[in-house]
Structures are given as structure tokens and as C-alpha cells.
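Here the structure comes first, spelled out in C-alpha cells, and everything after it is commentary.
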There are 2 protein chains.
Amino acid sequence: MNHDLLLANIAKHIQLDEDEKQRFCAYLQVKKVKKKQHLLLEGGVNRFAMFVVSGCLRSYHLDENGFQYIQQFAPEGWWIGDMYSLITQEPGHLYIDALTDAELLLISKVNLEKLYKEIPKFNFYFRILAERSLVSYQERSMENLRLSAKERYGKFCLRYPTLTDLLSQKQIAAYIGVTPEFLSKMLHA
Amino acid sequence: MNHDLLLANIAKHIQLDEDEKQRFCAYLQVKKVKKKQHLLLEGGVNRFAMFVVSGCLRSYHLDENGFQYIQQFAPEGWWIGDMYSLITQEPGHLYIDALTDAELLLISKVNLEKLYKEIPKFNFYFRILAERSLVSYQERSMENLRLSAKERYGKFCLRYPTLTDLLSQKQIAAYIGVTPEFLSKMLHA
DNA sequence: CAGAAAAAATAACATAGGTTAAGAAAAGCG
DNA sequence: CGCTTTTCTTAACCTATGTTATTTTTTCTG
């Protein structure tokens with residue numbers, strides 16, 4: 001079943017009885033997307049937190065020169081969204097799209113708020129997730145200041161071991177913040 | 001009273017009755033530190049989340065060449081800590097010290113866990129904090145990739161308006177990730 | 001499978017920011 | 001208040017990474 005991967009993930013942090021599982025799953029909706037399909041555009045409001053059941057998504061910024069800067073990859077088992085827009089329900093700056101065909105579970109902001117009220121231990125679950133994610137972005141902020149491109153490439157490989165040989169160099173370059181030309185040169189040097 | 005600033009901050013997000021306030025405050029300890037005093041060294045375990053009542057703290061990394069990279073400034077009303085070490089209770093990589101004499105409220109990891117059990121709405125409070133902090137570090141990660149030093153300086157000024165003319169250029173340089181020499185040149189160009 | 005589109009490689013040249021060094025100004029401290 | 005230490009400024013030179021352009025290779029799609 002679609003929901004098993006997510007329920008297993010949740011079970012690592014909080015215990016849900018059958019009734020709670022039912023109620024939680026009732027708040028979810030399944031979505032299938034094709035490769036390259038967009039789920040969020042700059043200026044849009046992100047109304048859903050998205051859990052990747054299969055496939056791979058990414059979130060990125062686009063600058064005025066058309067360069068992409070990838071904030072996150074979301075392979076199987078990861079959550080993704082524009083946290084800023086999701087929290088505030090204001091228009092955000094991120095794009096989110098699918099790098100492969102993918103199957104998602106969505107929970108709307110509205111349902112998420114209901115969930116927190118009805119089953120407060122989800123505050124605990126999402127606090128743990130937010131804290132871990134926070135640590136990861138704190139590290140990346142510092143890495144992006146103090147490490148060379150080659151070192152950032154190394155960190156990318158550690159963070160996404162399953163994606164290292166799956167993604168194009170263009171995607172990896174946009175994640176570590178160099179041009180594809182430079183990444184190519186670097187990998188051959 | 002020392003605790004008012006923190007209680008006011010909490011009151012913005014959750015409602016505590018008098019008894020809950022009492023119990024919460026009983027978990028806190030007051031600490032006064034002098035300028036330049038360290039609260040955490042690399043390799044140490046961060047046992048306390050720290051709330052700044054007055055003064056200013058900072059957290060930073062030190063690289064093998066002795067360069068500092070500042071992760072966060074914490075003026076009055078901010079929380080600070082080594083999130084990684086605090087969550088895992090493993091040795092961390094951050095240094096934390098005082099940029100001015102400062103007065104802090106500490107809550108130990110142990111008491112924090114008790115607090116979550118006894119007054120579960122603190123899960124909500126710290127979830128909100130973690131989420132906001134997450135958004136801020138997500139933004140900084142991307143800024144550190146895509147913005148020039150001058151643009152990062154601009155973001156620093158927006159993020160810490162009260163510190164812009166308080167901190168030395170050396171501190172600001174270590175936050176935006178350039179050498180003090182380059183920052184000086186940049187500000188005079 | 002063929003043609004088109006996207007990605008990767010390579011190379012010459014350009015630039016933001018780093019390095020080193022030295023002096024000037026400011027801040028800390030006895 | 002004077003001495004010491006730290007910070008700031010300036011400038012010449014250096015390096016990692018960007019830019020532009022071209023060719024080759026790979027992937028997509030009918």
C-alpha cells in the first residue's frame with residue numbers, strides 16, 4: 001500500500017494506534033506526477049507538504065540570469081515543500097518539480113493544522129523532522145561558505161549516496177553552486 | 001525579572017497558566033557571562049539551549065587555518081546552541097562565545113525532555129521555532145551559493161539590523177564568508 | 001532507428017575574491 | 001593617560017571559479 005513507507009517513517013518517532021493511523025491517512029491524498037512536471041512555481045503558494053513514495057523531486061531557485069540553484073533533492077522517503085510558503089501561506093520563491101516519474105502523498109496545510117489539534121503527538125513528529133532538517137541546513141550554510149567546490153561535491157555525495165550516479169552533472173552542479181563547465185573540468189582534473 | 005522576556009516570547013505562540021509558567025521557570029537556570037567567555041568549544045557536548053536576556057552571543061566554526069565562520073549571532077531575545085550536539089548529545093563542531101557581557105537563561109537537554117512530557121504544548125512552541133529557524137537557514141544556504149559578497153552583506157544588514165553598526169567588520173566578514181581585507185575594500189569601493 | 005535536443009568535454013580568456021605585507025586608526029587595559 | 005593589542009585600510013599580486021564558444025557524446029522522442 002502507498003501509505004506504508006510514510007507510516008513506517010512516522011512509527012520511528014511516535015506510536016499511532018489503528019484509529020489514529022486511519023484518521024491520519026484520511027488527511028492524505030495520493031498524487032502521481034510525470035518527469036519534469038512542476039508542483040510549485042515561483043510566486044505560488046505552497047498548500048501541501050509532499051512525501052515522496054517513489055521517484056525523485058527537487059526544489060530550486062531561479063535567478064535573473066536563468067541559473068538554477070537546487071535547495072533539496074527528495075528521493076523516496078523524503079518530505080519536500082517550500083517551508084516558507086507552507087508556514088506563512090504567502091507566495092514563495094521556490095520551484096518544485098519531478099526529476100523522474102513519481103508518486104507522492106500530500107497533506108494540505110489545512111489538514112496539517114487539524115492533525116496537530118486532533119493528534120497532538122504530530123507536533124512531536126514534525127518537531128523532530130524540523131530539528132533534523134535545521135541541523136542539515138545549518139551545516140550546508142557553513143559548507144557553502146567555507147568549502148571549495150571539490151569539498152562541496154564530496155558533501156553532496158555523502159548526503160545523497162543514492163543519487164550520486166543517478167543525477168546529471170548539471171543537477172549536481174546546480175546543487176553545489178558551480179557551473180556545469182567547471183564541474184566537468186573539476187571531475188576530470 | 002529575568003524571565004519576562006522569555007515568557008513574553010513564549011506567550012506569542014502558546015498560552016501558559018500560572019502553574020505552567022512556574023514549572024517551566026523551575027527548569028531554567030540563570031547564567032551571567034563576560035565578554036569573550038566561551039560557553040561551548042569544538043568537541044564539547046552542548047547540554048543546554050540558551051536564551052539571551054541581554055548582551056550578544058555568537059556560534060562559529062573554526063577551520064584548520066584558524067579562520068572563523070560565524071553561523072549565528074544571538075542578540076537579546078534569541079535562542080542559541082549547537083543544535084546538532086543538543087539533539088544528539090554527541091560532541092559538536094561549534095564554538096559559542098559572548099561578544100559582550102551577557103545574561104542568559106539555560107534549559108538543560110534533560111529538563112527540556114521533561115518539559116515536553118509534562119507540558120506537551122512546548123512541542124508546539126519549539127516546533128514553530130525550529131520551523132522558522134529552518135526557513136532562515138534554507139534561505140542562507142541558497143544566498144551563500146548565489147549571491148555576491150556585496151549582496152550577502154545586504155542580507156546580513158536585513159537579518160541583524162540592530163547589529164549592523166555594533167559589530168566589528170571582522171565579525172561581519174566572518175558571517176558573510178569573506179576576508180576582512182576584502183570587506184574593507186568592498187565597503188570603500 | 002534517425003534526427004533533434006540535451007548534456008558533457010575542452011579550451012582561451014575574464015573576474016570576484018584571496019593572500020601577503022605594511023602602515024594608520026581605534027579600542028582595550030593597566 | 002600612555003602602552004599594547006586589535007582592527008582597519010591600502011595595494012600589488014595570485015587563484016578558484018565564471019564566461020563564451022565550439023565540438024563531442026548521450027539521451028530523448030517520434
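Quick note: numbers below take in every heavy atom, side chains included, and nothing from hydrogens, waters or symmetry partners.
Atom CD in B:Glu151 sits roughly 14 Å away from atom C1' in C:dG17 (whole-Å rounding). If you take CG of B:Leu99 and P of D:dT7, they are 11 Å apart, rounded to a whole angstrom. Atom CD in A:Gln169 sits about 5 Å away from atom P in C:dA8, given to the nearest Å. Spacing between atom NZ of A:Lys185 and atom P of C:dA9 amounts to 13 Å, rounded to whole angstrom units. Between the NZ atom of A:Lys35 and the C1' atom of D:dT27 there is a distance of 8 Å, rounded to whole Å. Rounded to an integer number of Å, the gap from A:Ile176 CD1 to D:dA16 P is 15 Å. In this structure, the CG atom of A:Asp63 is 12 Å from the P atom of D:dG18, given to the nearest Å. Per the geometry, CZ belonging to B:Phe182 stands 20 Å off P belonging to D:dT7, to the nearest Å.
Side-chain atoms of B:Asn144 come within 3.5 Å of backbone atoms of A:Ser141 as a donor-acceptor pair (strictly under, hydrogens ignored). Listed for the A:Arg47 side chain is no donor-acceptor partner under 3.5 Å among the backbone atoms of A:Ser108.
Distances shown here put every side-chain N or O of A:Ser168 at or beyond 4.0 Å from the OP1 or OP2 atom of C:dA7. Taking 4.0 angstrom as the limit, A:Ser184 places a side-chain polar atom (N or O) nearer than this to OP1 or OP2 of C:dA9.
No salt bridge links A:Arg152 with A:Glu143; every basic N to acidic carboxylate O contact stays at or beyond 4.0 Å.
Ring geometry, B:Tyr95 versus B:His38: the interplanar angle exceeds 60°, so the pair is classed perpendicular (tilted spans 30 to 60°).
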